[in-house]
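Scroll down for the structure; my scribbles are underneath it.
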Amino acid sequence: MRTGVPEITDALIYDETSDPNDLLGRPNGYTAAASLTDSRASDPAGTGGIDLGAVLEVWPTPADAQARADYIAALQKGNTLLGSEYHHVRGNVLLRVSGQLPPSVNEVYAAAFGA
């Protein structure tokens with residue numbers, strides 16, 4: 001991802017204690033996850049995760065990855081307090097890109113991801 005998106009300045013691979021969603025390794029959760037810090041994103045509240053720029057989640061199956069994308073989209077639909085995200089699924093991996101970033105940046109992420 002860093003090759004295709006040079007504005008990624010850092011990556012944090014989550015473990016079971018640092019995962020902000022408490023889904024890593026848990027029932028109905030993902031098997032791996034990482035946040036990508038993009039220099040164009042802002043995280044004024046210091047919450048990390050998607051507010052840093054993007055998140056990659058590895059799910060047991062492609063259907064699980066798609067279900068997660070659909071679930072987040074449904075939560076955010078009509079509820080601006082929850083923010084917005086772009087979602088890209090490739091196999092069992094979900095790329096979540098912060099809605100703070102403009103559509104043109106999302107397209108760069110999608111191309112780098114191969115979506």
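Positions are given from 1, in the same order as the sequence printed here.
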So, His87 and Asp70: side-chain donor and acceptor under 3.5 Å apart, yes or no? no
Does a side chain donor of either Glu85 or Ser98 reach within less than 3.5 Å of an acceptor in the other side chain? no
Steps toward side-chain contact (heavy atoms from CB on, under 4.5 Å) verdict (Asn21, Tyr30): CA-CA 10 Å; Asn21 296 311; Tyr30 36 73; 3.3 Å; yes
Correct closest heavy-atom pair for Ala41 and Leu52 would be CB-O, 3.5 Å
Closest approach of Ala54 and Leu95, non-hydrogen atoms and distance? CB-CD1, 4.1 Å
Please assess Arg40 against Gln100 for the test side-chain contact (heavy atoms from CB on, under 4.5 Å), listing each intermediate value before the final yes or no. CA-CA 9 Å; Arg40 298 162 291 192; Gln100 294 179 43; over 6 Å; no
Which pair of non-hydrogen atoms, one from Asp15 and one from Leu24, has the smallest distance, and what is that distance? C-CD2, 3.3 Å
Quick check: do Asn106 and His88 have side-chain heavy atoms less than 4.5 Å from each other? yes
More than 12 foreign heavy atoms under 6.0 Å from CG of Asp22: is that the case here? yes
Start with the C-alpha gap between Leu36 and Leu56, add the side-chain angles, then the distance that decides, and say whether side-chain contact (heavy atoms from CB on, under 4.5 Å) holds. CA-CA 8 Å; Leu36 305 175; Leu56 286 163; 4.2 Å; yes
With side chains defined as the heavy atoms from C-beta onward, is the minimum distance between Phe113 and Val93 less than 4.5 Å? yes
Heavy atoms only: give me the nearest Pro60-Gly29 pair and the separation to one decimal. CD-O, 3.7 Å
Step by step, work out the side-chain contact (heavy atoms from CB on, under 4.5 Å) result for Met1 and Tyr109. CA-CA 8 Å; Met1 292 296 298; Tyr109 272 92; 3.5 Å; yes
Least distance between heavy atoms, Ile13 atom then Ser18 atom: O-OG, 4.4 Å
Any side-chain heavy-atom pair from Asp38 and Val5 closer than 4.5 angstrom? yes
